[in-house]
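One structure is given below, encoded as structure tokens.
Throughout, a chain's letter reflects where its sequence line sits, starting with A, and its residues are numbered from 1.
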There are 2 protein chains.
Amino acid sequence: MAPPPAPQTMKERILHTADKLFYLQGIRAIGVDTIAAEIGISKRTLYNHFPSKDALIVAYLERRFVHASPSDKPPAEQILATFDSLERRFAAKDFRGCPFVNAVAELGPTDRAVKKIAIAFKESRRLWFRDRLTELGVANPDALATQLVLLVDGSIAQDLVRDDPAMARAAKEAATVLLRNAGVDVGGDAKPAQGRKRPPR
Amino acid sequence: MAPPPAPQTMKERILHTADKLFYLQGIRAIGVDTIAAEIGISKRTLYNHFPSKDALIVAYLERRFVHASPSDKPPAEQILATFDSLERRFAAKDFRGCPFVNAVAELGPTDRAVKKIAIAFKESRRLWFRDRLTELGVANPDALATQLVLLVDGSIAQDLVRDDPAMARAAKEAATVLLRNAGVDVGGDAKPAQGRKRPPR
DNA sequence: GCCTAAGTACACAGGTCTGTGTAATCAAAA
DNA sequence: TTTTGATTACACAGACCTGTGTACTTAGGC
């Protein structure tokens with residue numbers, strides 16, 4: 001399969017580079033000069049496409065706001081696959097936590113625009129979980145969806161400081177318990193994780 | 001009961017103020033001038049107590065590294081009380097996430113000293129959970145402890161962006177399910193959260 | 001009264017940052 | 001060929017940052 005095409009327009013090239021640097025090194029740590037130099041353009045060109053660094057930051061976060069693509073797998077599988085995907089991302093050396101959480105942590109509570117995008121993103125993922133749980137006919141999809149996003153964000157935060165992709169596996173196991181507890185069929189009783197061994201009947 | 005005593009020594013006053021400003025507004029957002037001005041001392045005095053801003057940052061994080069105080073409550077109660085305590089902290093208007101996660105997010109992967117403290121803190125909390133679970137005789141205390149810290153950090157990250165203390169309740173409910181699944185007695189069957197209603201026997 | 005330690009006031013060096021102004025260049029469309 | 005729009009090179013303003021140098025004041029201990 002073909003590699004992802006190189007960004008075409010100047011605006012896309014700027015966003016692509018800003019994304020890489022902002023995400024890996026932090027928004028406040030990267031100046032617009034650095035971004036322009038990395039692309040090999042003048043600072044003036046950058047400011048011809050974005051009126052301010054703030055605008056560039058907002059565009060960076062909006063570009064990170066990718067919506068989940070539809071899948072024809074069963075909902076329970078989709079939910080658990082989320083954690084496998086997380087584990088793969090943790091294993092990549094260029095993973096540095098959730099860009100939205102990082103931006104809010106970095107830019108403080110004053111930056112309303114950034115916070116708004118972060119809230120929207122978190123909520124969209126929660127709703128994605130909720131929709132899958134509704135398909136499964138779970139009794140309280142809202143509450144369970146919230147618990148699942150806690151596991152997602154918890155494993156991201158833990159991996160950010162510990163660099164340990166196993167956090168995603170731990171989250172997946174916890175999610176499996178929560179799903180099974182809600183009556184969802186998540187495959188064999190292979191990992192009981194019980195306090196006492198259950199005698200085979 | 002008496003209010004907490006005002007910091008006595010100059011070093012403590014500096015740390016107290018640095019903590020407040022670093023935590024609420026971000027480490028990079030606060031200059032040493034701002035800290036000195038807030039206390040009403042000269043910048044020179046600050047630099048007489050800390051050789052550099054980096055040293056002040058490290059001292060700030062080390063001061064945040066509070067170890068859990070021993071309790072005589074039963075272990076299961078201690079574990080669940082963690083989430084009640086979290087909820088109270090979320091409700092306070094000056095809560096701004098985990099200072100260690102925020103510092104790592106802000107200062108980037110290069111700052112080894114900061115990352116080291118953050119890892120140590122996260123691990124100390126995981127071990128605290130593990131010790132309580134060991135007291136409870138749980139089969140796999142290590143794995144379950146990791147899952148519990150995911151819920152803690154997940155709720156912190158979610159509250160940071162959403163300002164919703166209910167995240168702590170959601171984490172507590174998930175923790176209850178995980179504990180019960182591991183054979184821990186966590187009180188009545190009051191909240192079954194089951195997929196299908198269980199007929200009373 | 002005198003000495004020492006701590007703090008103050010304040011300037012400043014040297015660096016970074018965002019954002020702008022200006023004149024020159026280049027390429028493609030008309 | 002001429003025009004037009006994008007881009008470049010580069011200087012610069014104004015702000016902020018960390019860290020230092022220096023001379024002055026103040027308060028306690030001897």
Side-chain angles (χ1 to χ4, degrees), chain A residues 6-63 102-103 105-114, chain B residues 6-63 102-103 105-114:
Chain A
Q8 297 290 332
T9 73
M10 176 79 357
K11 206 160 190 167
E12 276 165 7
R13 287 173 66 195
I14 294 170
L15 275 174
H16 173 82
T17 305
D19 181 281
K20 186 173 65 177
L21 297 175
F22 280 163
Y23 179 65
L24 286 181
Q25 295 181 235
I27 294 172
R28 278 207 151 99
I30 295 296
V32 289
D33 300 85
T34 310
I35 297 172
E38 171 85 7
I39 316 176
I41 64 172
S42 72
K43 187 166 56 165
R44 208 69 185 85
T45 303
L46 193 151
Y47 274 104
N48 282 344
H49 288 276
F50 296 92
S52 66
K53 187 185 178 182
D54 279 358
L56 183 56
I57 294 170
V58 168
Y60 149 64
L61 290 176
E62 277 169 351
R63 212 178 74 114
N102 291 359
E106 210 175 336
L107 270 18
T110 27
D111 200 323
R112 288 287 303 145
V114 164
Chain B
Q8 297 291 332
T9 74
M10 177 78 357
K11 206 160 189 166
E12 276 166 6
R13 286 173 67 195
I14 294 170
L15 276 174
H16 173 82
T17 305
D19 181 282
K20 186 173 65 176
L21 296 176
F22 280 164
Y23 179 64
L24 286 182
Q25 295 182 236
I27 294 172
R28 278 206 150 101
I30 295 295
V32 288
D33 301 84
T34 310
I35 297 172
E38 171 86 9
I39 316 176
I41 63 172
S42 72
K43 187 166 55 166
R44 207 71 186 81
T45 302
L46 193 151
Y47 274 105
N48 282 343
H49 288 276
F50 297 92
S52 67
K53 188 186 178 181
D54 279 358
L56 183 56
I57 294 170
V58 168
Y60 150 63
L61 290 177
E62 278 169 350
R63 212 178 73 115
N102 291 0
E106 210 174 336
L107 270 19
T110 28
D111 200 323
R112 288 287 304 146
V114 163

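Taken to the nearest 0.5 Å, the CG atom of L61(A) stands 10.0 Å off from the CG atom of N102(A). How far CG of L21(B) is from NE2 of H16(B): 9.5 Å, rounded to the nearest 0.5 Å.
Comparing dT7(D), dT18(C), dA9(C) by their closest approach to the side chain of S42(B) singles out dA9(C). Checked against dA9(C), dG19(C), dG19(D), the side chain of K53(A) finds its nearest nucleotide in dG19(C). Of the candidate nucleotides dT18(C), dT7(D), dG19(C), dG19(C) has the atom lying nearest to any side-chain atom of S52(A). The nucleotide whose nearest atom lies closest to any side-chain atom of M10(A) is, among dG19(C), dT7(D), dT8(C), dT7(D).
Rounded to an integer number of Å, the gap from R44(B) CZ to dG21(D) C1' is 7 Å. Between I35(A) atom CD1 and dT18(C) atom C1' the separation is 12 Å, expressed in whole Å. In this structure, CD1 of I14(A) is placed 12 Å from C1' of dA6(D), rounded to the nearest angstrom. The CG atom of L56(B) sits 14 Å away from the P atom of dC17(D) (whole-angstrom rounding). For Y47(A) and dC12(D), the OH to P distance is 19 Å, given to the nearest whole Å. Between R28(B) atom CZ and dC17(D) atom C1' the separation is 12 Å, expressed in whole Å. With rounding to whole Å, I39(A) atom CD1 is found 14 Å from dT8(D) atom C1'. As rounded to whole Å, 11 Å separates atom P of dT20(D) from atom CG of N48(B).
Figure legend: cation-pi geometry between K11(B) and F50(B), with NZ or CZ positioned under 6.0 Å from the six-membered ring centre and within 45° of its axis.
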| Step-by-step side chain to side chain contact (heavy atoms under 4.5 Å, CB included) determination, L15(B) to L56(B) | CA-CA 8 Å; L15(B) 276 174; L56(B) 183 56; 4.0 Å; yes

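Nearest-nucleotide positions on DNA chain D place G40(A) closer to the 5' end than the other of G40(A) and V32(B).
The phosphate of dA6(C) has neither OP1 nor OP2 within less than 4.0 Å of any side-chain N or O from H49(B).
Although no hydrogens or angles enter the test, the distance criterion places no donor-acceptor pair under 3.5 Å between the side chain of R28(B) and the main chain of E106(A).
K43(A) contributes a side-chain N or O that forms a donor-acceptor pair with the base of dG19(C) under 3.5 Å.
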